[in-house]
Amino acid sequence: MRSALAIGVLGGLVAFLTPVQASERCGEVVAIETQERNTLRYAFMPPPGAQAVGVVTLVLLAGGAGHVDLDAQGCARKLKGNSLVRSVPLFNAAGFATAVVDAPTDFHGEDGLGGFRADPRHAKELGQVIADLRARTRGAVWVVGTSRGAISAANAASRLLGPAAPDGLVLTSALMAGQSSARKPWVAQSVFDLPLEDMRVPLLLVGHAADTCVRSPAGLMERVAARTRSARQQVVTVSGGPAKPPPAGLDACEGRTPHGFVDQEAEVAAGIARFVRGSTY
């Protein structure tokens, strides 16, 4: 009953959010100077009606180029269809603070983060965000990455230690299969390129049975889990969603498809919430 209620409440929130309400303010924009003397911004939003102190914060890493182009109100002007960007109100309603992370200023070009997602320097920059949030809230900080953002999230969770390390990791529709023949070498990157064996934090992997994106086959999630030393882990394959056939080719890797859990956002957000709180999806 508890999980059904949570899904119902979150689904109701989606139904009643008007465009005006959703666009008023998406979060406080926080700017951090990176070690490369560039600026990394994130949009921080605490849960409604609650103080930020002591709450669990979810660091949300979108896929694609990773450049969400935050405006002054903390709203994404790009990648608005990304599943994590769409789910911010759901996570907030479930009692979590959220931090939507933009690409640093030196990665605002066409490729965005590109091959930097697997770079140790990228992990350190995400560690700066995590440490800043932990100092701000004095609560746990989890990293959630979807699609190509899962590479960034796994990079942070497998390399960082101490106050900069996340308390847990959630990967949804993770990039687990690269394209070695692509014109740009970084397109071949996947989460398997990272030192997953160094990962010890709790890990949740979520994929969709109907995801036809060639980069995120749900059947490979068990291999990711097996490579880690996570203290607690769960692999979940979601089914259902729209009755229409999923798109083909690279369109299948877009956010409003089974790859992005379209029409099942509330279900997935509720499952993530349960796992972060110590239960199962």
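Please read all numbers here as calculations on a predicted model, not as lab measurements.
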Search all heavy atoms of Val235 against all heavy atoms of Ala225 and return the closest pair with its distance. CG2-CB, 4.0 Å
Apply side chain to side chain donor-acceptor pair (under 3.5 Å) to Ser152 and His122, showing your working. CA-CA 7 Å; Ser152 295; His122 182 44; 2.8 Å; yes
Do the rings of Phe96 and Phe91 sit parallel, tilted or perpendicular, given the 30° and 60° boundaries? perpendicular
Joint cluster assignment, Leu90 & Met45, ILVMFWY side-chain distance < 4.5 Å: no
Go through the steps for Val187 and Arg215 under the test side-chain contact (heavy atoms from CB on, under 4.5 Å), then give the verdict. CA-CA 10 Å; Val187 178; Arg215 311 286 172 79; 3.6 Å; yes
Rounded to the nearest 0.5 Å, what separation is found between the OG1 atom of Thr280 and the CZ atom of Phe275? 9.0 Å
Does any non-hydrogen side-chain atom of Thr237 lie less than 4.5 Å from one of His208? no
Looking at side-chain heavy atoms only, is the closest gap between Val100 and Tyr42 below 4.5 Å? no
In short, Ser83 meets Gly260 closest at the heavy-atom pair CB-O, 3.3 Å
Does Leu205 share a hydrophobic cluster with Val144, counting links as ILVMFWY side-chain heavy atoms below 4.5 Å and allowing steps through other members? no
Indicate if Val56 and Leu133 have the same hydrophobic cluster label, given that clusters are the connected sets of ILVMFWY residues with side-chain heavy-atom separations under 4.5 angstrom. no
Quick check on the hydrophobic clustering: are Val88 and Val206 connected, directly or via other members, by side-chain heavy-atom contacts under 4.5 Å? yes
Can you confirm whether Asp132 sits close enough to Val30 that some side-chain heavy atom of one is under 4.5 Å from a side-chain heavy atom of the other? yes
Testing the basics here: between Pro48 and Ala93, what is the closest heavy-atom pair and its distance to 0.1 Å? CD-N, 4.4 Å
Check for a donor-acceptor pair, side chain of Asp71 on one end and backbone N or O of Gly74 on the other, with a separation under 3.5 Å. yes
Are the side chain of Gln264 and the backbone of Ser239 linked by a donor-acceptor contact shorter than 3.5 Å? yes
Considering only heavy atoms from C-beta outward, does the side chain of Leu203 approach that of Val201 to under 4.5 Å? no
Separation between CG of Leu61 and CG of Leu113, rounded to the nearest 0.5 Å: 9.0 Å
Is a side-chain N or O of Arg86 found less than 3.5 angstrom from the main chain of Gly81, in a donor-acceptor match? yes
Does Asp167 pair with Arg134 as a salt bridge, N-O distance under 4.0 Å? yes
Examine distances only and state if a side-chain atom of Gln35 and a backbone atom of Glu125 form a donor-acceptor pair shorter than 3.5 Å. no
Which pairs of donor and acceptor atoms, one on a side chain in residues 154-164, lie under 3.5 Å apart (sequence neighbours left out)?
{"unit_1": "Asn155", "atom_1": "OD1", "unit_2": "Arg159", "atom_2": "NE", "d": "2.5"}
{"unit_1": "Asn155", "atom_1": "ND2", "unit_2": "Arg117", "atom_2": "O", "d": "2.8"}
{"unit_1": "Asn155", "atom_1": "ND2", "unit_2": "Asp119", "atom_2": "O", "d": "2.8"}
{"unit_1": "Ser158", "atom_1": "OG", "unit_2": "Ala154", "atom_2": "O", "d": "2.7"}
{"unit_1": "Ser158", "atom_1": "OG", "unit_2": "Asn155", "atom_2": "O", "d": "3.3"}
{"unit_1": "Arg159", "atom_1": "NH2", "unit_2": "Ala118", "atom_2": "O", "d": "3.2"}

Using a 4.5 Å cut-off on heavy atoms from C-beta on, say whether the side chain of Thr212 contacts that of Pro258. no
Sequence neighbours excluded, the answer for salt bridge (Lys or Arg N to Asp or Glu O under 4.0 Å) partners of Asp193 is none
Verify, without hydrogens or angle tests, whether Glu222 (side chain) and Leu220 (backbone) share a donor-acceptor contact under 3.5 angstrom. no
Would you sort out whether Val143 and Ile130 count as a side-chain contact (heavy atoms from CB on, under 4.5 Å), showing the intermediate values? CA-CA 9 Å; Val143 174; Ile130 293 167; 3.8 Å; yes
Mind checking whether Leu175 and Ser147 have side chains closer than 4.5 Å, heavy atoms only? yes
Kindly compute the distance separating OG (Ser173) from CZ (Phe261), expressed to the nearest 0.5 Å. 3.5 Å
Whether His259 side chain and Gly207 backbone form a donor-acceptor pair below 3.5 Å: no
Less than 4.5 Å apart, side chain to side chain, heavy atoms only: is that true for Asp251 and Thr257? no
Rounded distance [0.5 Å steps], NE2 in His67 versus OG1 in Thr105: 10.0 Å
Regarding Arg227 and the six-membered ring of Phe192, is the cationic atom NZ or CZ under 6.0 Å from the ring centre and inside 45° of its axis? no
Please report the interatomic distance OG1(Thr57) to CZ(Arg138), rounded to the nearest 0.5 Å. 12.0 Å
Dump the intermediate steps for side-chain contact (heavy atoms from CB on, under 4.5 Å) on Gln128 and Leu40, then the final yes or no. CA-CA 9 Å; Gln128 288 182 265; Leu40 175 60; 5.7 Å; no
Taking Thr146 for its side chain and Thr172 for its backbone only, find out whether a donor-acceptor pair lies under 3.5 Å. yes
Check this for me: does any side-chain nitrogen of one of Glu33 and Arg37 sit under 4.0 Å from a carboxylate oxygen of the other? yes
For Arg41 and Leu70 the tightest heavy-atom approach is NH2-O, 2.6 Å
Scanning both residues in full, the closest heavy-atom pair of Ala97 with Pro46 reads CB-CA, 3.9 Å
Looking at every non-hydrogen atom in both residues, tell me the closest pair between Gly66 and Leu79 and how far apart they are. N-CD1, 3.8 Å
Charged N to carboxylate O below 4.0 Å: is that the case for Glu28 and Arg136? yes
Beyond-backbone contact of Cys253 with Asp211, side-chain heavy atoms, under 4.5 angstrom: no
Can you confirm whether Arg200 is buried at CZ, in the sense that more than 12 heavy atoms of other residues, nucleotides or ligands lie under 6.0 Å from that atom? yes
When rounded to the nearest 0.5 Å, the distance separating CE of Met199 from CG of Leu169 is 5.0 Å
With hydrophobic residues grouped by side-chain heavy-atom distances under 4.5 Å, do Val268 and Val59 end up in a single group? no
Could you go through the side-chain contact (heavy atoms from CB on, under 4.5 Å) check for Val224 and Leu196 one step at a time? CA-CA 8 Å; Val224 176; Leu196 299 177; 4.1 Å; yes
Which of parallel (below 30°), tilted (30 to 60°) and perpendicular (above 60°) describes Phe116 and Phe107? parallel
Do Arg256 side-chain atoms and Val262 backbone N/O form a donor-acceptor pair below 3.5 Å? no
Please answer whether the main-chain N or O of Asp69 pairs with a side-chain N or O of Asp102 as donor and acceptor at a distance below 3.5 Å. yes
